[in-house]
There are 2 protein chains.
Amino acid sequence: MARTTLTRDEVLDAAASLVKQHGPAALTMRKLAAELGTAVTSIYWHVGNRESLLDALVERTVEEVGAIRPAGRTPGDRILSVARILRRELRERPHLIAMVHERGLTDRMFLPAQQALVHEVHAAGLRGTRAADAVRAIQFQIIGFVLVERNRERSPAQSPAESELWDPADAPHDPSLARALARPVDPERLFLLTLRALVKALLAPPAG
Amino acid sequence: MARTTLTRDEVLDAAASLVKQHGPAALTMRKLAAELGTAVTSIYWHVGNRESLLDALVERTVEEVGAIRPAGRTPGDRILSVARILRRELRERPHLIAMVHERGLTDRMFLPAQQALVHEVHAAGLRGTRAADAVRAIQFQIIGFVLVERNRERSPAQSPAESELWDPADAPHDPSLARALARPVDPERLFLLTLRALVKALLAPPAG
DNA sequence: ACCTGAACACCGTTCAAGT
DNA sequence: ACCTGAACACCGTTCAAGT
């Protein structure tokens, strides 16, 4: 299995694999060269330098996350389906998403989703500024939630854990609340619950 | 102004200053030593190594962000005031907050705020699981929003900018929506708008 | 108890030299 | 057009040696 010529795509694939497994910090030019069986300096010929290598990985990710197909009968349902799809896509590429985020390309990555949201919010009857606000509120909510969630997963044992922080004795006459807060968060449930509440309030007719 | 003895606090102060100005990547042991006018290795005697130095900075931040005094007449208003205070605290220390976040200590940093939210949600009449869900939904919302917002600020010129992405011709029969999406986000406004919508829906009596 | 310089193993990157 | 090793300037960290 002797190597013939190194290609840019081979470099990108190997780099993506390293990043997906161990994060961007684990991607050193020397390790990558070892992985590819070439001299470190060969990589430079194909990708310029480490920074543009990472940029290329980010570019790939932006394109991959792009495609969105909403499902559901009502605009509300379709908005929720967009949210679920995005959450899944983001969760599959935590390190790469963080890198997209660091480079400020999150908006561009979310453009197709934003267009889908515009469509649904419009279908729900919202117009003009109110529609724009709703789209952005939902967009911020989805991205923000996934960022928080990802952090919680990545973090080692929280010290002290929420369960230790919430002693039933602390709660104001509400032991069931204390117990609920001592239980670990169910992110899927909280995600949908929050989004349903938000969508409901945003799509509701304006209150006096 | 000859230095007498180096103290741990001096090291931490100088390190915090470097991090606040230029981010954690700019904090190298050699630069820090130069800043303090000592040998690199002296720092190791006081703080162990770079990682525990960063840990100490994070610990400081967790304590500083702790204190919370809600204001307002209704539970809803007080929840909003907690949100605003937190947002301000977080925005003042972007780099340090990111480091707290990376170390998975966000929950602990937010414990006082969480307790305040529990109090207000309880005052609003919510009990048990529903109260716990509301607290967590609001907490995730605040943290998530600030994370997204911080990213947008930090990011260089978005390419392409949202304003270029939204050509009025694209919008489905709603030029005012397209115009609204082409305008830059007003984060303060969007933050309050989203939070009001969420709080309203969460505190409302359960719908059938 | 506190500080020091020398030394080590790692980085990313450049460059002249090869084919 | 593609690959290479040597060399440079940076890292964090250890350690024996100083006071």
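Here is how names work: the chains are called A, B, and so on, in the same order as the sequence lines, proteins then strands, and each is numbered from 1. Below, each value reflects all heavy atoms present in this structure, side chains not excepted, and no hydrogens, waters or symmetry copies.
- Note: CG (L54(B)) to C1' (dG12(D)) measures 12 Å, nearest angstrom.
- Taking atom OH on Y44(A) and atom C1' on dA7(D), their separation rounds to 14 Å, with Å as the unit.
- The backbone N or O of L6(B) lies less than 3.5 Å from a partner atom in the side chain of H46(B), making a donor-acceptor pair.
- Separating the CZ atom of R50(B) from the C1' atom of dA9(C) is a distance of 17 Å, rounded to the nearest angstrom.
- A donor and an acceptor atom sit less than 3.5 Å apart, one in the side chain of T41(B) and one in the base of dG5(C).
- Of the charged side-chain nitrogens involved, none lies within less than 4.0 Å of a carboxylate oxygen, so that E92(B) and K20(B) do not count as a salt-bridged pair.
- Counting only heavy atoms from C-beta on, T28(B) has its side chain closest to dC11(D) among dC11(D), dT4(D), dG12(C).
- Toward the 5′ end of DNA chain D lies the nearest nucleotide of R30(A), the other residue of the pair E51(B) and R30(A) mapping further downstream.
- Counting non-hydrogen atoms of neighbouring residues, nucleotides and ligands closer than 6.0 angstrom, the CZ atom of R93(B) exceeds 12 such neighbours.
- Set against dT13(C), dC3(C), dT13(D), the side chain of H46(B) has dC3(C) as its closest nucleotide.
- Taking every side-chain heavy atom of A39(B) into account, dT4(C) is the closest of dT13(C), dT13(D), dT4(C).
- Between dC2(C), dT4(C), dT13(C), one nucleotide has an atom nearer to the side chain of V40(A) than all others, and that is dT13(C).
- At whole-Å resolution of the value, CD in E10(A) and C1' in dC3(D) are 14 Å apart.
- A salt bridge links R60(B) and D13(B); the closest N-O separation between the charged side-chain nitrogens and carboxylate oxygens is under 4.0 Å.
- When distances are taken from the side chain of K31(A) to each of dC3(D), dG12(D), dC11(C), the shortest belongs to dC11(C).
- The number of heavy atoms from other shown groups lying within 6.0 Å of CZ (R84(B)) does not exceed 12.
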Secondary-structure string, 5' to 3', Watson-Crick or G-U under 3.5 Å, | for another-strand partners, for DNA chain C: ||.|||||...|||||.||
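- As a whole-Å value, the separation of R8(A) CZ from dA1(D) P is 17 Å.
- As a whole-Å value, the separation of L32(B) CG from dC10(D) P is 17 Å.
- Side chain to side chain, D55(B) and S52(B) fail the donor-acceptor criterion of an N or O pair below 3.5 Å.
- Each of dC3(D), dG12(D), dT13(C) was ranked by its minimum atom distance to the side chain of S42(A); first place goes to dC3(D).
- Of the candidates dC3(D), dC11(C), dC2(D), dC2(D) carries the atom nearest the W45(A) side chain, counting heavy atoms from C-beta on.
- A salt bridge does not link E188(A) with R88(A): none of the charged nitrogens is closer than 4.0 Å to a carboxylate oxygen.
- Within 4.0 Å of L27(A), counting heavy atoms only, lie sugar-phosphate atoms of the nucleic acid but no base atom.
- To the nearest angstrom, C1' of dA1(C) lies 18 Å from CD1 of I43(B).
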